[in-house]
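Contents: one structure, followed by commentary.
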Amino acid sequence: FEAARHIPSLPAGYPGTRLHGHSFLATLRCALPADYAPYPGGELETLQAQWRTELDRLDYRLVNDHIATPTDMAIGRWLLAQCHVPGITQVALRSTPQRGVELGADGSAQAWRRYAFQSAHQLPMVPVGHKCGNMHGHGFEVILHTRLVDGTEPADGGYQALDAAWTPLQAELNYACLNDLAGLENPTSEIMSSWIWNRLLPSLPTLTKVTLFETASCGAVFDGRQYRIWKD
């Protein structure tokens, strides 16, 4: 949906205090009951129509007319409260391709921020002849998730805390050879994701997940306990 807003609670001089607009992307996840659609197989069409009705309240509108302080998290909570689709498990809102929020029906809330850095590396433990054994480079992307608690949410929705924690690592990783960094002698996606987690956690104890994209089709996620690795 296309909407305008200004966020009066932000510090003076912060760009978001001025009237501005976004192409918001709102995503709904739910476990629908068996009789939700008028016919079997019509669930998606019915769900899209109902969700569209909810979003039309904000489409081509000034969000402040509905929400006094329309941070991403506040808009997400408003959508979660307003939507009457059965079996909702999550509402997610993206205000730009670099940031967004995710709210669970169980009360959980997270903000996320996307960052990019350009680095070289080679993987010393792959079989002889493997292309990744050669020195090469990527435009890496990292998505950091942080937990938010209703009532203690920062005025900016948590994004500044993510930026402050990430900035020193950005300086260290960007335009660097990863193999030269302590702990990244074998800089695979999964090792990099846990390395970033361990570096950030002391300054960002609300960190919940680190997602690393080595390319658009492969990467890893680390949540402090386990990895999820993928390659399309």
Side-chain angles (χ1 to χ4, degrees), residues 23 25 27-29 31 72 89-104 108-148 157-232:
S23 293
L25 177 65
T27 305
L28 178 68
R29 296 180 183 274
D72 288 355
T89 59
Q90 185 191 72
V91 166
L93 182 78
R94 191 188 77 183
S95 55
T96 78
Q98 285 74 44
R99 69 184 192 191
V101 295
E102 299 170 350
L103 296 99
S108 61
Q110 297 188 75
W112 60 265
R113 197 85 144 99
R114 183 188 299 266
Y115 305 93
F117 60 94
Q118 318 300 319
S119 301
H121 73 166
Q122 58 93 210
L123 304 185
M125 301 184 70
V126 295
V128 174
H130 193 289
K131 64 181 181 180
C132 291
N134 302 324
M135 183 62 70
H136 61 285
H138 296 290
F140 292 91
E141 291 193 357
V142 169
I143 302 176
L144 305 180
H145 283 73
T146 183
R147 181 178 62 256
L148 297 177
Y159 298 129
Q160 284 184 314
L162 289 171
D163 288 347
W166 174 253
T167 296
L169 277 190
Q170 175 76 16
E172 193 171 355
L173 294 169
N174 199 32
Y175 284 84
C177 176
L178 300 178
N179 300 75
D180 294 339
L181 301 179
L184 288 181
E185 293 81 8
N186 180 30
T188 62
S189 294
E190 59 272 27
I191 290 175
M192 288 177 65
S193 64
S194 59
W195 184 88
I196 291 170
W197 170 278
N198 289 323
R199 292 292 299 275
L200 289 176
L201 196 61
S203 61
L204 191 67
T206 54
L207 186 67
T208 58
K209 184 167 60 176
V210 173
T211 302
L212 177 87
F213 289 90
E214 186 168 319
T215 70
S217 60
C218 68
V221 178
F222 185 66
D223 63 3
R225 301 180 304 277
Q226 59 186 1
Y227 299 99
R228 182 170 64 85
I229 307 165
W230 75 88
K231 186 171 181 62
D232 293 341

Could you tell me whether the side chain of [X] and the main chain of [Y] form a donor-acceptor pair under 3.5 Å?
X: S119; Y: L173; value: yes
X: R147; Y: T208; value: no
X: W166; Y: R114; value: no
X: N198; Y: L201; value: no
X: T89; Y: R29; value: yes

Between atom [atom1] of [X] and atom [atom2] of [Y], what is the distance when rounded to the nearest 0.5 Å?
X: W230; Y: E214; atom1: CH2; atom2: CD; result: 10.0 Å
X: Q98; Y: I143; atom1: CD; atom2: CD1; result: 10.0 Å
X: Q90; Y: Q110; atom1: CD; atom2: CD; result: 8.5 Å
X: H136; Y: N134; atom1: NE2; atom2: CG; result: 8.5 Å
X: F117; Y: E172; atom1: CZ; atom2: CD; result: 10.5 Å

Worksheet item: Once the angle between the rings of H145 and W112 is folded into 0 to 90°, is it parallel (under 30°), tilted (30 to 60°) or perpendicular (over 60°)?
Response: tilted

Worksheet item: Between H138 and H121, how do the two ring planes meet: parallel, tilted or perpendicular, split at 30° and 60°?
Response: perpendicular

Practice prompt. Take L207 and T146 through the test side chain to side chain contact (heavy atoms under 4.5 Å, CB included) and record every step on the way to the result.
Written response: CA-CA 4 Å; L207 186 67; T146 183; 5.6 Å; no

Indicate the atoms forming the closest heavy-atom contact of [X] with [Y], along with that distance.
X: A120; Y: M135; answer: CB-SD, 4.0 Å
X: A92; Y: E102; answer: CB-CG, 4.1 Å
X: A161; Y: L204; answer: O-CD1, 4.1 Å
X: A165; Y: S203; answer: CB-OG, 3.8 Å
X: L212; Y: V142; answer: CD1-CG2, 3.5 Å
X: R113; Y: L162; answer: CB-CD1, 3.6 Å

Fill in: Residue pair D72, Y159: steps toward the side chain to side chain contact (heavy atoms under 4.5 Å, CB included) verdict
CA-CA 10 Å; D72 288 355; Y159 298 129; 2.6 Å; yes

Taking the side chain as every heavy atom from C-beta outward, state whether [X] and [Y] have any atom pair closer than 4.5 Å.
X: K209; Y: F222; value: no
X: L178; Y: F140; value: yes
X: R199; Y: P168; value: no

Item to complete: Can you tell me which residue pairs pass the side-chain hydrogen bond (donor to acceptor under 3.5 Å, both in side chains) test with a partner in residues 175-185, sequence neighbours excluded?
Response: none

Discussion item. Let's go through Y227 and S194 carefully: what are the C-alpha distance in whole Å and the side-chain angles of both, what is the deciding distance for side chain to side chain donor-acceptor pair (under 3.5 Å) to 0.1 Å, and is it a yes or a no?
Written reply: CA-CA 8 Å; Y227 299 99; S194 59; 3.0 Å; yes

Item to complete: Any chance you could lay out the side chain to side chain contact (heavy atoms under 4.5 Å, CB included) test for V101 and L103, step after step, and finish with the verdict?
Response: CA-CA 7 Å; V101 295; L103 296 99; 4.0 Å; yes

Only pairs under 3.5 Å count here: list side-chain donor-acceptor contacts from residues 122-132, not counting sequence neighbours, and write none if there are none.
from, atom 1, to, atom 2, distance (Å)
Q122, NE2, G133, O, 3.0
H130, ND1, C132, N, 3.0

Worksheet item: Passes side chain to side chain contact (heavy atoms under 4.5 Å, CB included), V210 versus L144? Steps please.
Response: CA-CA 5 Å; V210 173; L144 305 180; 4.0 Å; yes

